[in-house]
**Student:** 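Input: one structure, supplied below.
Residue numbering restarts at 1 for every chain, and letters A, B, ... go by the order of the sequence lines. Any value given below was found using the heavy atoms of this structure, including those in side chains, with hydrogens, waters and symmetry copies removed.
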Protein chains: 2
Amino acid sequence: MNISETITFSDTGPEDRSSTIREALRNAIIDRRLAPGTKLSEAEVGALFDVSRTVARAALQMLTFEGLVKTERNRGAFVSHPSPDEARQVFASRRLIEPGIVAGALERITPSDIAHFRRQLEEEARHMNERGPAARRAEIKASGDFHLLLASVCGNAILQKFMDELVARSSLVIALYGRSGISSCGHAEHSAILDALENGDGKRASTLMIHHIDHIEADLDLQLKQGSGLKDALSLS
Amino acid sequence: MNISETITFSDTGPEDRSSTIREALRNAIIDRRLAPGTKLSEAEVGALFDVSRTVARAALQMLTFEGLVKTERNRGAFVSHPSPDEARQVFASRRLIEPGIVAGALERITPSDIAHFRRQLEEEARHMNERGPAARRAEIKASGDFHLLLASVCGNAILQKFMDELVARSSLVIALYGRSGISSCGHAEHSAILDALENGDGKRASTLMIHHIDHIEADLDLQLKQGSGLKDALSLS
DNA sequence: AGTCGCAAGATCGCATACAATTTGAACTCG
DNA sequence: CGAGTTCAAATTGTATGCGATCTTGCGACT
């Protein structure tokens with residue numbers, strides 16, 4: 001496993017090591033370097049990051065709270081394998097929250113923010129034009145970052161935290177249920193939303209956002225093919 | 001301190017003890033038996049519930065994730081003391097989410113649910129007619145339970161979790177900034193919302209809900225009297 | 001041959017021990 | 001008498017050890 005990327009703790013400063021591990025695992029999960037269903041043993045995680053089980057456990061507990069990891073008592077922690085129903089709930093939540101985020105962002109967005117968005121969208125476009133699984137992972141991540149940036153502009157830390165969780169879960173869902181062929185449809189819509197925001201047209205931006213979310217969800221294949229948990233093992237190994 | 005209420009672990013079964021402690025602390029916080037700013041030392045919490053620091057720490061970590069507790073590295077955990085700005089963010093989030101919850105609940109609510117709501121509202125009314133701080137605490141809690149019940153009916157576990165957090169934070173905010181005199185205005189509005197739901201009038205229910213939230217927030221005194229964190233110490237000790 | 005039971009191995013839950021950091025106070029010096 | 005410094009008490013951060021629980025492989029019994 002090469003989960004730990006090129007992480008040397010010194011980079012992030014002496015701050016919470018468990019948070020650093022959480023972020024690394026989080027990135028690995030939403031990048032799909034860690035497949036849903038993968039077991040994350042405390043000892044293994046601890047060994048990978050060269051810490052004790054205590055801090056590894058703390059990181060896993062945080063991820064469990066975010067819904068990216070599922071822990072079963074006396075059995076361990078596993079990368080979440082959201083059911084189609086959970087997937088629908090994720091998108092229902094986003095449909096509810098994101099229009100409000102757009103409205104909030106509209107009132108506080110600055111030219112400097114817009115420039116930031118433009119750079120972000122360029123990045124996104126670059127990944128879109130590349131091929132290969134690495135590029136696709138980067139694309140999913142970049143697409144999520146657009147929504148997170150929007151949430152940060154809106155200035156509500158609570159909503160931002162909610163969006164953090166929703167975007168992360170979405171990445172999992174897309175990786176699991178996405179029909180890979182048509183997945184790169186989001187970029188133009190991001191641009192359009194940003195344009196509407198720049199023109200101060202909040203109504204249009206909200207509408208575009210809802211359609212955008214609809215499109216993402218429509219691109220999924222959410223037929224319920226799984227009963228309980230035996231499929232986990234089936235799909236992962 | 002009598003935080004632990006009448007808790008004997010055997011009640012909740014052999015499940016996670018840290019979760020049990022989390023709930024007990026959570027209740028104590030939203031009931032205002034634990035004042036904002038109060039220090040929650042790991043050792044003290046552990047002693048109160050007769051567990052080691054390890055599990056106490058886990059409970060505190062969960063509460064930190066919910067925003068009910070703030071931990072500072074190497075300094076400890078404290079009951080959150082939300083700023084007026086945070087308070088506004090809480091209510092902004094609720095204004096965004098709860099209408100959607102109402103809409104979701106409308107489609108799934110059953111007569112049995114409605115009966116449940118009625119019983120809940122009676123309970124609420126009982127506390128409203130009593131006097132004293134204990135009754136007021138119970139009233140705040142019961143009022144929150146109405147919203148949580150609504151969220152549970154809506155059938156979206158993610159939104160339900162969000163509402164859990166928002167309602168808990170609201171209780172803190174109300175306890176901190178509520179003008180105590182007029183606080184008991186919510187009951188009639190809850191009834192009205194339920195009536196609208198029963199009649200299938202989702203539009204009206206949503207509108208009532210927004211007004212309800214507006215009223216709650218309007219009843220607060222959110223003048224920003226505090227600069228940073230020195231006031232915490234000032235108000236707690 | 002199939003099934004049940006049992007024991008060994010692995011992993012987690014929790015407690016405890018030790019290290020690191022902060023805080024507050026006593027103490028010294030100007 | 002006040003300011004600065006040093007040290008000790010308290011508290012958190014982290015590691016590790018032990019018991020409990022679950023899994024799994026092997027063997028005996030039907």
Side-chain angles (χ1 to χ4, degrees), chain A residues 1 4 7-10 12-25 34 37-65 69-80 228-230 232-234 236-237, chain B residues 1 4 7-10 12-25 34 37-65 69-80 228-230 232-234 236-237:
Chain A
M1 291 208 198
S4 54
I7 290 180
T8 48
F9 282 119
S10 43
T12 68
E15 69 177 51
D16 262 345
R17 295 196 274 171
S18 57
S19 295
T20 309
I21 295 177
R22 163 176 167 256
E23 297 242 354
L25 287 178
L34 284 171
T38 305
K39 167 149 197 190
L40 299 173
S41 124
E42 294 177 359
E44 192 178 354
V45 171
L48 270 170
F49 292 94
D50 197 45
V51 294
S52 76
R53 284 198 304 132
T54 306
V55 41
R57 186 188 181 80
L60 291 174
Q61 194 182 344
M62 292 193 256
L63 291 167
T64 299
F65 250 80
V69 157
K70 261 197 168 30
T71 62
E72 297 169 39
R73 182 176 176 91
N74 279 322
R75 289 210 0 95
F78 304 83
V79 179
S80 274
S228 58
L230 71 167
D232 285 26
L234 204 150
L236 81 88
S237 72
Chain B
M1 291 207 200
S4 53
I7 290 179
T8 49
F9 283 120
S10 43
T12 68
E15 70 175 52
D16 258 345
R17 294 196 276 171
S18 58
S19 294
T20 309
I21 294 176
R22 163 175 165 259
E23 298 241 354
L25 287 178
L34 283 171
T38 304
K39 167 148 200 191
L40 299 172
S41 121
E42 296 177 357
E44 191 176 354
V45 171
L48 269 170
F49 293 95
D50 197 45
V51 295
S52 78
R53 276 180 48 218
T54 306
V55 42
R57 188 187 180 79
L60 291 173
Q61 193 187 349
M62 292 193 257
L63 290 168
T64 299
F65 248 82
V69 158
K70 262 198 167 25
T71 62
E72 298 169 37
R73 180 174 176 94
N74 280 319
R75 292 215 352 99
F78 305 83
V79 178
S80 275
S228 58
L230 71 167
D232 284 29
L234 203 150
L236 82 89
S237 73

**Student:** Taking five pairs at each end of the helix from C:dA1-D:dT30 to C:dG30-D:dC1, what angle separates the two helix axes (nearest 10°)?
**Tutor:**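 Axis angle across the helix from C:dA1-D:dT30 to C:dG30-D:dC1, nearest 10°: 0°.
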**Student:** Extract, from 5' to 3' on DNA chain D, the first and final nucleotides lying under 4.0 angstrom from some heavy atom of chain A.
**Tutor:**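 Going 5' to 3' along DNA chain D, contacts run D:dT14 to D:dT23.
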**Student:** With a 4.5 Å limit on heavy-atom distance, are the side chains of A:V69 and A:L25 in contact?
**Tutor:**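 Side-chain contact under 4.5 Å: no.
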**Student:** Whole-Å distance between C:dT21 P and B:E72 CD?
**Tutor:** 17 Å
**Student:** Going by number, which of residues 52-64 of chain A have a non-hydrogen atom under 4.0 Å from DNA chain D?
**Tutor:**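 Per residue number, the list reads A:S52, A:R53, A:T54, A:V55.
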**Student:** Can you tell me if the side-chain N/O atoms of B:R75 get under 4.0 Å from OP1 or OP2 in C:dT23?
**Tutor:**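 For C:dT23, OP1 or OP2 has a side-chain N or O of B:R75 closer than 4.0 Å.
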**Student:** Locate the shortest heavy-atom distance separating A:G37 from A:F78; write the atom from each residue and the value.
**Tutor:**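 Looking at all heavy atoms of both residues, the closest pair is O-CD2, 3.6 Å.
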**Student:** To the nearest 0.5 Å, how far apart are CZ in A:F49 and CZ in A:R22?
**Tutor:**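 Nearest 0.5 Å value for the CZ-CZ distance: 13.0 Å.
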**Student:** Can you see which heavy atom on A:G76 is nearest to which on A:K39, and at what distance?
**Tutor:** CA-CE, 4.4 Å
**Student:** Applying side chain to side chain contact (heavy atoms under 4.5 Å, CB included), name anything that partners A:A43, two or more places apart in sequence or on another chain.
**Tutor:**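 Expected list: A:S41, A:R53.
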**Student:** Go through the structure and list residues passing ring pair (Phe, Tyr, Trp, His ring centres under 6.0 Å) with A:F65, not counting sequence neighbours.
**Tutor:**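 A:F65 satisfies ring pair (Phe, Tyr, Trp, His ring centres under 6.0 Å) with B:F65 only.
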**Student:** Kindly indicate whether the side chain of A:L34, heavy atoms from C-beta on, has any atom under 4.5 Å from the side chain of A:L40.
**Tutor:** yes
**Student:** Give the table of side-chain donor-acceptor pairs shorter than 3.5 Å for residues 54-64 of chain B, with sequence neighbours excluded, one pair per line with atom names and distance.
**Tutor:**
from: B:R57; atom 1: NH1; to: B:E42; atom 2: OE2; distance (Å): 2.3
from: B:Q61; atom 1: NE2; to: A:A58; atom 2: O; distance (Å): 3.3
from: B:T64; atom 1: OG1; to: B:L60; atom 2: O; distance (Å): 2.8

